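This report concerns only the one structure given below.
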There are 2 protein chains.
Amino acid sequence: MKKNNAKAAAGVKEIARLAQVSIATVDRVIHNREGVSEKTKTKIQAIIDKLGYQPNVLAQRLALATRGTINLAVLLPVISPETEFWQAPRDGITKAESEIKQYGVNIHYFYFDQNDESTFEKQVKKIIRFKPQGILFTPTFPDPAVQLTEHSKKAGIPYVLINTDIPGYDAMCYIGPESFHSGYLAAQLVHYCTARDKKIVIAKIAREISTNYAILRKEEGFRAYFKDRKLENPLLTLDSKDTEYAGVSRKLAKLIKQEQNIGAIFVTNSRVSLVARYLEAAGRTDIILLGYDFTTDNVQHLKADNIDFLICEKPQEQGYRGIMTLFQHLVYSNVIEKNYLMPIDIITRENYLFYRN
Amino acid sequence: MKKNNAKAAAGVKEIARLAQVSIATVDRVIHNREGVSEKTKTKIQAIIDKLGYQPNVLAQRLALATRGTINLAVLLPVISPETEFWQAPRDGITKAESEIKQYGVNIHYFYFDQNDESTFEKQVKKIIRFKPQGILFTPTFPDPAVQLTEHSKKAGIPYVLINTDIPGYDAMCYIGPESFHSGYLAAQLVHYCTARDKKIVIAKIAREISTNYAILRKEEGFRAYFKDRKLENPLLTLDSKDTEYAGVSRKLAKLIKQEQNIGAIFVTNSRVSLVARYLEAAGRTDIILLGYDFTTDNVQHLKADNIDFLICEKPQEQGYRGIMTLFQHLVYSNVIEKNYLMPIDIITRENYLFYRN
DNA sequence: CTGAAAGCGCTTACAG
DNA sequence: CTGAAAGCGCTTACAG
């Protein structure tokens with residue numbers, strides 16, 4: 001590929017010169033627009049192909065500044081101490097925003113309460129009324145989420161799902177983990193680190209477990225590993241709709257008292273720090289503990305050796321990439337990939353320092 | 001931060017208008033160039049500050065096209081089946097190249113033979129004669145590497161080291177793993193997966209171990225973990241300057257015959273697939289095997305369950321980021337960060353599918 | 001169906 | 001010390 005040794009790559013001007021037409025006409029051919037005679041079109045296309053013309057993205061973008069504003073809607077859970085996880089996607093979105101703001105992209109944020117489906121519904125309605133040119137959201141509640149995707153489809157509005165997809169629904173674009181595999185990986189780690197006569201606890205700590213698809217899929221993946229490998233560790237379950245420490249620790253205490261020989265606890269979401277806190281207090285350093293997400297509390301406990309593994313799927317990048325996907329689609333008509341599955345990262349006490357979301 | 005609700009952010013033109021000067025003068029102040037009276041400088045700066053002016057990077061870059069070509073030199077090992085690892089940094093460099101080629105950046109490649117220091121020396125001389133505006137290289141051989149950095153320093157040429165740094169040398173910029181921690185992490189994984197009465201083998205398979213700083217540091221980190229944790233697993237060593245399968249397998253066979261109760265083998269570089277092949281042939285599925293790098297062979301063995309963990313430090317990103325660092329420094333005078341330490345990724349059979357270099 | 005011209009926001013000679 | 005003008009490579013009305 002050394003042939004581009006020549007000065008700069010040819011641009012529209014050069015093409016126009018060679019084809020003996022104006023650059024406007026070249027532009028029309030490049031963008032496949034109406035109103036060019038077959039003859040000149042063919043001539044220009046031939047030159048484009050021969051030159052291997054690549055548009056200068058910079059110039060394209062700069063010229064774009066003439067065009068109007070692009071409005072994007074983002075629908076995410078409110079960020080509270082309890083939902084710190086969502087800070088990361090939000091950061092990624094903000095990062096993308098700052099990069100493309102200068103090309104006239106505006107992002108409008110809509111927030112819902114993870115524990116209240118009606119707030120999600122309300123925001124969906126608001127977004128529909130707002131008529132954005134693109135939507136990024138996480139379908140925490142499948143029914144209203146489908147409403148939004150269906151509406152968007154009809155209205156021709158591109159959308160991107162992050163973090164979770166909608167069960168049994170074929171969305172336009174999903175950017176996030178493959179949750180089943182994520183659980184499967186967790187099981188592998190437990191398997192490697194636990195003797196085979198030990199009991200293993202699957203801890204589900206969330207107010208709305210039954211509707212949380214990601215949590216369910218992780219559990220399925222986790223169980224599937226043990227089944228596929230014909231492992232005989234008893235798999236226990238701990239369910240807690242109470243997400244406060246007091247409630248969780250009570251349940252844990254009871255379970256641990258009643259079951260001997262627990263080797264590992266797998267927490268299916270970011271609430272793993274609650275379990276860590278309990279195990280630390282109870283002095284149970286013998287139990288392998290793993291869970292999800294690079295939150296402050298979790299990292300603290302990882303550092304203190306109370307958590308052994310954190311699994312993390314680059315939440316920040318999900319937000320960043322989601323916005324960029326919409327932007328590139330709207331501005332350059334880039335095709336939107338159906339799925340972009342994130343890496344499933346394993347974080348331990350010995351590599352967390354170098355991790356980047 | 002909602003105040004930017006107004007149309008577009010102000011640019012040089014607006015600043016010039018407000019200050020009642022020409023945009024050329026504004027430009028001079030922005031870039032801190034000579035030849036502006038204190039008075040107008042102060043006035044303009046005040047307006048810049050007040051407006052929170054941020055240059056439009058796109059326009060900046062586009063305008064750059066006026067300037068001449070930038071020549072960068074890259075010095076890497078030749079890529080052969082045996083050194084497949086280097087394909088990844090190379091890919092990252094190519095990716096960066098394609099992104100910045102249109103701004104007049106040319107990359108010139110220089111290759112050396114990892115097993116022959118004199119080829120490295122020769123290329124260093126060539127590069128010095130070539131007088132590039134920036135250099136990216138990996139200091140496989142410390143002495144000639146220092147020669148190159150010292151020359152660059154004198155000549156004011158920025159350079160970036162990737163993959164390994166130079167022992168005891170304070171380089172201008174290093175992008176790569178913290179090898180000591182990388183070995184430390186490997187030890188943690190072994191510790192988690194191996195009973196404490198098991199013997200552990202550290203396998204060094206390389207023609208030039210003694211000069212390979214990264215390999216040495218990984219081993220140090222590995223040993224340090226066992227020491228810090230006061231673990232009593234005997235640590236054995238396998239040294240092989242022969243990097244062919246025949247030679248490696250002979251040594252392995254001997255070691256395994258002579259030592260009972262081996263629980264894990266840690267290979268300090270990407271040659272782990274050779275050990276995997278041997279263990280597979282010998283039917284030793286009981287030994288935990290881990291090593292480095294996401295190469296074709298390694299991934300194959302990971303998939304086949306012959307390798308348990310691969311540690312990987314985003315070699316592609318190292319190359320990409322290295323070139324971008326030089327570019328941004330040369331073009332926008334961005335300050336070069338002294339160190340950019342890569343994440344230390346853990347890859348297993350259950351997450352390799354989603355990994356991105 | 002086609003073209004001339006202005007503009008995106010910045011940088012760079014060049015002239016004074 | 002300062003400014004007017006041309007240019008980077010593309011896009012977009014507008015005129016014909």
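Residue numbers begin at 1 in each chain, while the letters A, B, ... track the order of the sequences. Because the structure is predicted, anything quoted here is derived from the model rather than measured.
Taking for each of B:Ala59 and B:Arg33 the nucleotide of DNA chain C with the nearest heavy atom, the 5'-most of the two is the partner of B:Ala59. Residues A:Lys13 and A:Ile30 each lie close to DNA chain D; by heavy-atom proximity, the contact nearer the 5' end of the strand is made by A:Lys13.
At the phosphate of C:dC10, OP1 or OP2 sits under 4.0 Å from a side-chain N or O atom of B:Tyr53.
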Decide yes or no on side-chain contact (heavy atoms from CB on, under 4.5 Å) for A:Phe130 and A:Phe110, but give the supporting numbers first.
-> CA-CA 11 Å; A:Phe130 173 60; A:Phe110 298 82; 4.1 Å; yes
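Atom NE2 in A:His31 sits about 16 Å away from atom P in D:dG9, given to the nearest Å. Summarising the geometry, the separation between CD1 on B:Ile15 and C1' on C:dC10 is reported as 11 Å, rounded to the nearest angstrom. In this structure, A:Arg17 atom CZ and C:dT2 atom P are separated by 20 Å, rounded to whole Å.
Taking NE2 of B:His329 as the reference point, atom CG of B:Leu326 lies at 8.0 Å (rounded to 0.5 Å).
Partners of B:Ser22 according to the side chain to side chain contact (heavy atoms under 4.5 Å, CB included) rule, which considers only residues two or more places apart in sequence or in another chain, are B:Ala24, B:Thr25. Listed by chain and residue number, A:Arg17 satisfy the side-chain hydrogen bond (donor to acceptor under 3.5 Å, both in side chains) test with A:Glu14 (two or more places apart in sequence, or in another chain). Contacts of A:Tyr53 classified as side-chain hydrogen bond (donor to acceptor under 3.5 Å, both in side chains), with partners at least two apart in sequence or in another chain: none. Residues passing the salt bridge (Lys or Arg N to Asp or Glu O under 4.0 Å) test with A:Glu150 are A:Lys153, sequence neighbours excluded. Under the side-chain hydrogen bond (donor to acceptor under 3.5 Å, both in side chains) criterion, A:Tyr159 pairs with no residue at all, not counting sequence neighbours. Partners of A:Thr40 according to the side chain to side chain contact (heavy atoms under 4.5 Å, CB included) rule, which considers only residues two or more places apart in sequence or in another chain, are A:Val36, A:Ser37. With sequence neighbours excluded, the residues that form a side-chain hydrogen bond (donor to acceptor under 3.5 Å, both in side chains) with B:Asp345 are B:Lys314, B:Tyr355.
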Structure string for DNA chain D in dot-bracket form, Watson-Crick and G-U at under 3.5 Å, | interchain = |||.||||||||.|||
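Applying the salt bridge (Lys or Arg N to Asp or Glu O under 4.0 Å) definition to pairs two or more places apart or across chains, none involves residues 83-96 of chain A.
Within residues 34-46 of chain B, the residues that have a heavy atom under 4.0 Å from DNA chain D are, in order of number, B:Gly35, B:Val36, B:Ser37, B:Thr40. Shown for residues 21-29 of chain B: residues whose heavy atoms fall under 4.0 angstrom of DNA chain D, namely B:Val21, B:Ser22, B:Ala24, B:Thr25, B:Arg28.
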Ignoring hydrogens and angles, write down the donor-acceptor pairs under 3.5 Å from the side chains of residues 45-52 of chain B, residues two or more places apart or on other chains.
{"from": "B:Gln45", "atom 1": "NE2", "to": "B:Asp49", "atom 2": "OD1", "distance (Å)": "2.9"}

